[in-house]
Amino acid sequence: MAGARFDGVQLNRRDLRQPFPTGFARRLKGQSVRALVRRGKYLLGELSSGDTLVMHLGMSGWFRVEKSKRSTARRNRETDLDNRHDHVVFTMSSGMTVTFNDPRRFGIMDLITADRLARHASLGRLGPEPLSRAFDARTLARRLAKRRISLKAALLDQHVVAGIGNIYASEALHLAGLSPFRLASSLVTRAGAPRGGCERLVQAIKSVLRRAIVLKESERYRGSRFRVYDRDGERCATAGCPGTIARAWQNGRSTFYCPVCQR
DNA sequence: ATTGAGACCTGTCGGC
DNA sequence: TGCCGACAGGTCTCAA
């Protein structure tokens, strides 16, 4: 998409998690993508018009990118590809077709003007990028201070730090040796300074995310080598730790952790 | 303002 | 084999 122009925009339904904005296809057509960037879990297409194409995969969304030589419908029939949930099809000037497929429809596709981007309800208040230099122990401490929620819930809060989901919240806490049940504010001193666990957690978050990106881990989700996620009942991977991975429920989500080495 | 519960959807998997 | 409930990688809204 980057550098290419939208020649065609096909919507196969009127909504995903929310309705497509009015004139979505009309406003996109003819625009080119100046840059394609990521902010937290959002994909942003910066358009020549100044508008931004906001995309989110939700739980089950994904993009299929292929040469648009033949119609995707025909190609899919021939390859037995399941195209029941192809909701949006972008035909780009580069000769590629970009198809958004999302069975659960928790994804988002939105088009907003520049002045509304900063005020966007969720985008405008996202926490820092975890892999940026700006995300350090002091920054995390400031955002955890006075929060009466668990560390696990704090990591899932996109206002605390952007981009961490249910898998990597468990993974980072295990690597940092921190219990998912600990109070978020327990990593911060009375005066608001970071305690030791804060720096360990920052480094653990950066580490698990960098590794995940290199391995394209979630792309091969089922075969992935997570430290704790989906591994309840197995031996803890921490060197010298005799623990067994346990599973618990927190805020309606499953959490995986080692009761022995995470404190 | 902060917090947790429930809602939004479809697909898959394990147990019977 | 088929049916049924539980659960899934995210976020939004609502009520306390």
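As a basis for the values below, the full set of heavy atoms in this structure was taken, side chains included, without hydrogen atoms, waters or symmetry mates. Source: prediction; values computed, not measured. Residue numbering restarts at 1 for every chain, and letters A, B, ... go by the order of the sequence lines.
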Expressed in angstrom and rounded to an integer, what is the separation of [X] atom [atom1] from [N] atom [atom2]?
| X | N | atom1 | atom2 | answer |
| --- | --- | --- | --- | --- |
| A:Trp249 | B:dA5 | CH2 | P | 12 Å |
| A:Gln250 | B:dA5 | CD | P | 11 Å |
| A:Arg17 | C:dT11 | CZ | C1' | 5 Å |
| A:His56 | C:dG9 | NE2 | C1' | 11 Å |

Checklist entry - Is a donor-acceptor contact shorter than 3.5 angstrom present between the side chain of A:Arg105 and the base of B:dC9? => result no
Checklist entry - Which value, rounded to the nearest 0.5 Å, describes the distance between A:Leu187 atom CG and A:Arg143 atom CZ? => result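 CZ of A:Arg143 is found 15.5 Å from CG of A:Leu187.
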Report yes if at least one side-chain N or O of [X] is closer than 4.0 Å to OP1 or OP2 of [N]; otherwise report no.
| X | N | value |
| --- | --- | --- |
| A:Arg84 | B:dG11 | yes |
| A:Ser254 | C:dA8 | yes |
| A:Tyr168 | C:dG9 | no |
| A:His85 | B:dG11 | yes |
| A:Arg104 | B:dG11 | no |
| A:Arg253 | C:dT11 | no |

Item to check | Shortest side-chain distance from A:Ile149, nucleotide among B:dT3, B:dG11, C:dG10 | outcome: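 When the side chain of A:Ile149 is considered, B:dT3 is the closest of B:dT3, B:dG11, C:dG10.
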[M] and [N], which share atom name [atom1], separated by this distance in whole Å:
| N | M | atom1 | result |
| --- | --- | --- | --- |
| C:dC14 | B:dC9 | P | 15 Å |
| B:dG11 | C:dC12 | P | 23 Å |
| C:dC7 | B:dA5 | P | 15 Å |

Using a 4.0 Å heavy-atom cut-off across all strands, classify [X] as base, sugar-phosphate, or nothing.
| X | answer |
| --- | --- |
| A:Ser122 | sugar-phosphate |
| A:Gly58 | sugar-phosphate |
| A:Gln158 | sugar-phosphate |

Next on the checklist: Tell me whether the ring of A:Phe106 lies stacked over the C:dT11 base, given a 5.5 Å limit on centroids and a 30° limit on the plane angle.
Outcome noted: no
Next on the checklist: Check this for me: A:Arg138, atom CZ, are more than 12 non-hydrogen atoms of other residues, nucleotides or ligands nearer than 6.0 Å?
Outcome noted: no
Next on the checklist: Quiz question: by atom type and distance under 3.5 Å, do the side chains of A:Thr99 and A:Asp86 form a donor-acceptor pair?
Outcome noted: no
Item to check | Carboxylate-amine/guanidinium contact A:Asp15 A:Arg13, below 4.0 Å | outcome: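 Looking at A:Asp15 and A:Arg13, the cut-off is met.
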